[in-house]
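Report on the structure given below.
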Amino acid sequence: MATFLLKKSYQLNNLKEIKFNDLWGGHGVFTTMWIFDKSFKILFFKNHINNLIKSAKDYGINTKNLKKNIFKLLRKNLSNSKKYNHLLRIALNKKVISISIRKKIKIKNNLVLKLVKLKRQKPEYKNLKYREILSHLSRLDTSKYDIGLISDKKLLETGTSNILLAKEKKLYSPIKGFYKGITFRILEKKLPKIHKKNIYVNQLQEFDEIILVGSGKGVASVSKIYENNWKRKSLNYFNLISKTLNSEIKKCKKILI
């Protein structure tokens with residue numbers, strides 16, 4: 001179960017605080033960012049916020065001064081005197097904006113993927129239609145497990161992260177049908193060419209590595225998949241991608257909002 005440092009909701013039109021509402025299942029969008037260190041830093045902050053604003057407009061959330069108001073609430077709720085290692089979530093619909101901060105879970109080295117027949121709704125957006133995914137994740141120790149989303153016999157993503165796969169010194173990712181997260185978008189520009197391929201479940205044994213990439217997990221290596229007896233054969237690309245992300249983390253500066 002997640003350990004929350006903060007959970008607050010506000011009316012979007014006037015920023016008046018109201019009873020907390022996580023907004024899951026509603027018509028809206030959200031973003032999750034890693035906030036860390038004292039005099040806090042937020043990894044890929046500008047990218048996350050710009051993507052949230054764009055998605056909000058696409059969902060008909062055209063509130064005036066939305067970015068300015070998000071910054072105002074962050075200034076109100078974040079502290080430069082606290083040392084963070086948390087996940088900051090901002091969610092909004094046409095009436096409410098919610099902010100939560102929960103402890104970032106340390107991922108175990110022997111991460112297991114459990115396959116589930118499920119596809120994210122409108123996967124081109126980080127939208128709030130997420131309850132079914134959360135219902136699966138809530139039954140797991142997410143430091144040790146994640147769920148692999150399967151549709152039409154293809155592996156698309158996990159409940160929390162994008163997926164990269166490696167074989168024969170090449171990296172692969174699914175072609176479509178998944179949400180491309182901010183961390184993934186940035187890293188794919190800095191990694192060796194990522195080949196687009198339909199990742200069929202019955203072909204997973206061909207791959208040496210399955211690597212998860214996202215704001216919550218950072219970079220994680222899957223050790224096994226019970227449903228088809230897949231087991232990790234290498235950590236080569238995991239090490240490369242981890243090094244690439246660590247380089248970005250070192251460049252991250254204190255947020256001024």
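Here, residue 1 is the first one in the sequence, and each next residue gets the next number.
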So Val96 and Leu12, side chain to side chain contact (heavy atoms under 4.5 Å, CB included) or not? Walk me through it. CA-CA 5 Å; Val96 176; Leu12 192 57; 5.9 Å; no
Could you walk me through whether Thr160 and Thr142 pass the side chain to side chain contact (heavy atoms under 4.5 Å, CB included) check? CA-CA 10 Å; Thr160 66; Thr142 52; 5.9 Å; no
Yes or no on side chain to side chain contact (heavy atoms under 4.5 Å, CB included) for Leu52 and Leu66, after CA distance, side-chain angles and deciding distance? CA-CA 10 Å; Leu52 180 66; Leu66 180 55; over 6 Å; no
Working for side chain to side chain contact (heavy atoms under 4.5 Å, CB included), residues Leu15 and Lys76: CA-CA 11 Å; Leu15 302 188; Lys76 182 176 182 178; over 6 Å; no
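Proximity of Ile163 to Val222: side-chain heavy atoms (C-beta onward) are nowhere separated by under 4.5 Å. Side-chain contact between Ile90 and Phe30 is absent, with no heavy atoms from C-beta onward closer than 4.5 Å. Proximity of Trp230 to Ile210: side-chain heavy atoms (C-beta onward) are separated by under 4.5 Å at one or more points. A heavy-atom distance below 4.5 Å is found between the side chains of Lys196 and Ile175. Looking only at side-chain heavy atoms (C-beta outward), Leu156 and Arg120 stay at 4.5 Å or farther from each other. Inter-residue side-chain proximity for Pro174 and Lys154 is flagged as unmet; no heavy-atom pair is nearer than 4.5 Å. Taking the side chain as every heavy atom from C-beta outward, Gln203 and Lys167 never approach each other to under 4.5 Å. Looking at heavy atoms from C-beta onward, Ile199 lies in side-chain contact with Phe207 at the 4.5 angstrom threshold.
Residues Leu73 and Ile35 are members of one and the same hydrophobic cluster, defined by side-chain heavy-atom contacts under 4.5 angstrom among Ile, Leu, Val, Met, Phe, Trp and Tyr. In this structure, Leu43 is not a member of the same hydrophobic cluster as Phe45, with clusters built from ILVMFWY side-chain heavy atoms closer than 4.5 Å. In the hydrophobic clustering of ILVMFWY residues, with side-chain heavy atoms under 4.5 Å counting as a link, Ile255 and Ile49 come out together. Leu149 and Tyr179 are not part of a single hydrophobic cluster, where members link through side-chain heavy atoms under 4.5 Å apart. Leu111 and Leu235 sit in two unconnected hydrophobic clusters of ILVMFWY residues. Membership requires side-chain heavy atoms under 4.5 Å apart, directly or through other members.
When all heavy atoms of Leu128 and Ala91 are compared, the closest pair comes out as CD2-CB, 4.0 Å. When every heavy atom of Leu164 is checked against every heavy atom of Ser173, the shortest pair comes out as CD2-CB, 3.9 Å. The two residues Lys217 and Ala220 come nearest to each other via the heavy atoms CD-CB, 4.3 Å. Taking every heavy atom of both residues into account, Glu248 and Lys190 meet most closely at OE2-CE, 3.0 Å. For the pair Ser161 and Leu212, the tightest heavy-atom approach, listed with the atom from each and the gap, is CB-CB, 3.9 Å. Heavy-atom minimum distance, Ser81 versus Lys38: O-CE, 3.2 Å.
Taking NZ of Lys46 as the reference point, atom CD1 of Ile182 lies at 12.5 Å (rounded to 0.5 Å). With rounding to the nearest 0.5 angstrom, the CD1 atom of Ile147 is 6.0 Å from the CD1 atom of Ile133. Atom NZ of Lys104 is separated from atom OG of Ser143 by 12.0 Å, given to the nearest 0.5 angstrom. Distance check, rounded to the nearest 0.5 Å: NZ of Lys119 to CG of Asp152 gives 7.0 Å. Note that OG1 of Thr31 is 8.5 Å distant from CG of Leu88, once rounded to the nearest 0.5 Å. Considering CD1 of Ile211 and CD1 of Ile241, their distance stands at 4.0 Å, rounded to 0.5 Å.
No donor-acceptor distance shorter than 3.5 angstrom exists from the side chain of Ser242 to the backbone of Asn239, with no hydrogens or angles considered. Here the side chain of Glu209 pairs a donor or acceptor atom with the backbone of Phe238 at under 3.5 angstrom. Judged by distance alone, with hydrogens and angles left aside, the side-chain atoms of Asn13 form no donor-acceptor pair with the main-chain N or O of Lys95 at under 3.5 Å. A side-chain donor-acceptor contact under 3.5 Å links Tyr84 to the backbone of Ser79. For Asn127 (side chain) and Gln121 (main-chain N/O), a donor-acceptor pair under 3.5 Å exists by modelled atom type. Looking only at distances, no side-chain donor or acceptor of Glu17 sits under 3.5 Å from a matching main-chain atom of Lys8. For Asn14 (side chain) and Lys16 (main-chain N/O), a donor-acceptor pair under 3.5 Å exists by modelled atom type. Side-chain atoms of Thr183 do not come within 3.5 Å of backbone N or O of Val213 as any donor-acceptor pair. Remark: side-chain polar atoms of Glu227 are paired, donor with acceptor, to backbone N or O of Leu115 under 3.5 angstrom. Although no hydrogens or angles enter the test, the distance criterion places a donor-acceptor pair under 3.5 Å between the side chain of Arg89 and the main chain of Asp22.
In Lys114, the NZ atom is not crowded: 12 or fewer heavy atoms of neighbouring residues, nucleotides or ligands sit closer than 6.0 Å. Heavy-atom neighbours of Lys253 NZ from other residues, nucleotides or ligands within 6.0 Å: at or below the threshold of 12. Under a cut-off of 6.0 angstrom, the local environment of NZ in Lys224 is sparse, with at most 12 non-hydrogen atoms contributed by other residues, nucleotides or ligands. Under a cut-off of 6.0 angstrom, the local environment of CD in Glu188 is crowded, with over 12 non-hydrogen atoms contributed by other residues, nucleotides or ligands. Shown here is Lys170, whose NZ atom has no more than 12 heavy atoms of other residues, nucleotides or ligands within 6.0 Å.
Defined by atom type and a distance below 3.5 Å, a donor-acceptor pair is missing between the side-chain atoms of Asp208 and Ser234.
Taking the six-membered ring for Trp and thresholds of 30 and 60 degrees, Phe178 and Phe184 have ring planes more than 60 degrees apart, a perpendicular arrangement. In this pair, Trp34 and Phe36 present their aromatic rings parallel. The plane angle is below 30°, not in the 30 to 60° band.
Evaluation of the side chain to side chain donor-acceptor pair (under 3.5 Å) rule for Ser98 yields Ser9 as partners, not counting sequence neighbours. Ser55 meets the side chain to side chain donor-acceptor pair (under 3.5 Å) test with no other residue; sequence neighbours excluded.
A salt bridge does not link Lys126 to Glu157: none of the charged side-chain nitrogens sits closer than 4.0 Å to a carboxylate oxygen. Salt-bridge check for Lys108 with Asp141: failed, with every basic side-chain N at 4.0 Å or more from each acidic carboxylate O.
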Can you give me every donor-acceptor pair (side chain of residues 56-65, partner residue at least two apart or in another chain, under 3.5 Å) with its distance?
residue: Asp58; atom: OD2; partner: Lys54; partner atom: NZ; Å: 3.3
residue: Asp58; atom: OD2; partner: Tyr125; partner atom: OH; Å: 3.1

